[in-house]
Amino acid sequence: MKTPRQILLDTHTPAQQQLDRIRARALATALGRKPALFHRLPPALLARWVWNDLILACKPAWPALAAIWVGILGLNLATPRSSGAAAHTKAPPPSQVSTGLNENRRILADLLDRPPTVIHKHSILKPRTARREPIVIC
Amino acid sequence: MPLTANIEALPVSPARAGDASAWDILFQRYQLPLYSFVAELVRDEQAALDIVQETFINAVRYLHSLRDDEKFGSWLFGIAHQRCIQLWRRKRKDDGFFNEEVHDDLVGDAEPPDEVLIRREDETAFMALIETLPFAHRTVLLLHYLEDFPLEQIAEATETNLGTVKSRLHYAKKALRKLIKEQP
């Protein structure tokens with residue numbers, strides 16, 4: 001005759017080897033390196049751990065984080081885009097560039113007593129491969 | 001032979017200090033009773049193994065929350081019980097879990113668990129009886145027979161009151177006594 005405890009333990013003794021493995025794995029996980037937790041746990045157990053211990057355990061934090069992000073998004077949308085920002089400085093129009101360059105050439109030519117060379121705006125804008133005639137600058 | 005571990009022999013303090021060999025001793029002591037408890041509750045071998053592993057990991061992580069080292073065993077079973085409850089609720093069956101009377105005036109049943117003897121030919125009937133019990137009654141009976149925890153510790157582990165534990169144990173033992181009395 002057996003006690004109820006003996007019957008219960010005898011019924012489940014075949015699982016002893018698996019339990020030994022689980023014991024070793026649990027100790028290595030709980031007392032060992034952190035990464036072991038993630039690649040030794042079965043996926044279902046890992047998912048359950050993530051849900052229970054990371055997400056559910058931090059319930060109060062999630063609404064606070066969401067509120068912060070909503071606030072950041074709101075501020076971002078409400079703030080008008082600044083046209084005076086340095087990053088958005090527009091380049092001067094090509095006509096202004098060619099005028100400026102021509103002026104510089106004229107000044108240089110005056111100093112050197114040579115006739116100035118006019119630089120047309122289209123030649124400034126064309127890539128090298130698109131030029132049909134060489135530009136000669138004196 | 002006492003059913004419960006001699007608390008002086010359980011290295012809970014060294015385990016608290018992070019001693020791996022102490023943890024190994026503790027887990028070796030409880031792994032089979034714990035697995036038996038979980039397996040009889042959830043009725044799924046793989047799920048039971050997962051729950052035992054989770055219980056061990058959580059025990060190491062949360063030992064600092066245990067105030068009384070003498071209650072390590074019931075505390076450990078309490079962690080496992082929580083997981084079993086979650087699994088059971090997912091597979092919910094209407095087995096009268098919430099419909100029960102509470103008898104605060106019940107006195108604990110007379111015979112200690114290690115004096116209840118079941119004949120070999122009745123072992124199968126005993127295991128079948130365990131299976132037919134409602135989840136809550138099964139829990140209390142298993143904790144009582146596997147580890148002979150005091151009723152107060154069973155109440156703490158299952159997060160119920162003492163009267164409810166007495167009632168459930170009374171119901172479960174009544175069914176078992178009927179089984180034993182039916183022996184010729």
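Letters A, B, ... mirror the listed sequences (proteins, then strands); counts begin at 1.
Each of B:I25 and B:L66 belongs to its own hydrophobic cluster when Ile, Leu, Val, Met, Phe, Trp and Tyr are linked at side-chain heavy-atom distances under 4.5 angstrom.
Side-chain contact between B:M127 and A:I7: present, with at least one pair of heavy atoms (C-beta onward) separated by less than 4.5 Å. You'll find the side chain of B:R119 stays beyond 4.5 Å of the side chain of A:K2, heavy atoms only. Side-chain atoms of B:V52 and A:R23, non-hydrogen and from C-beta on, never get closer than 4.5 Å to each other. Residues A:P4 and B:I118 are in side-chain contact: their nearest non-hydrogen atoms beyond the backbone lie under 4.5 Å apart.
For A:L27, the part sitting under 4.5 Å from any heavy atom of chain B is the side chain, from C-beta outward, and nothing else. B:F126 touches chain A through its side chain: at least one heavy atom from C-beta onward sits under 4.5 Å away, while N, CA, C and O do not. Residue B:L142 touches chain A through its side chain alone, counting heavy-atom pairs closer than 4.5 Å.
Atoms CG and OG, on A:L9 and B:S36 in that order, are 5.0 Å from each other to the nearest 0.5 Å. Here the OG1-CZ distance, from A:T29 to B:R61, works out to 9.5 Å after rounding to the nearest 0.5 Å. Atom OG1 of residue A:T3 and atom OH of residue B:Y145 lie 9.5 Å apart, to the nearest 0.5 angstrom.
B:D68 meets the salt bridge (charged side-chain N to carboxylate O under 4.0 Å, His left out) test with no other residue; sequence neighbours excluded. Looking at residues two or more places apart in sequence or on another chain, you find a ring-ring contact (aromatic ring centres under 6.0 Å, His included) between B:F37 and B:F77. Not a single salt bridge (charged side-chain N to carboxylate O under 4.0 Å, His left out) links A:R21 to another residue, sequence neighbours left out.
Between chain A and the residues B:E121, B:E123, B:R120, B:E45, the most heavy-atom pairs under 4.5 angstrom are made by B:E123. When each of B:I51, B:L34, B:V60 is scored by its heavy-atom pairs under 4.5 Å with chain A, the top score falls to B:V60.
A:D20 and B:Q28 share no donor-acceptor pair across their side chains, judged by distance under 3.5 Å alone.
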Review point. Would A:I22 and B:D50 count as a side chain to side chain contact (heavy atoms under 4.5 Å, CB included) if you check the C-alpha gap in whole Å, the side-chain angles of each, and the deciding distance to 0.1 Å?
Key: CA-CA 9 Å; A:I22 278 172; B:D50 290 346; over 6 Å; no
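Contacts of residues 62-75 of chain A with chain B at a heavy-atom distance below 4.5 Å are absent; not one residue qualifies.
Contact detail for B:L32 and A:H12: the closest heavy-atom pair is CD1-O, 3.5 Å.
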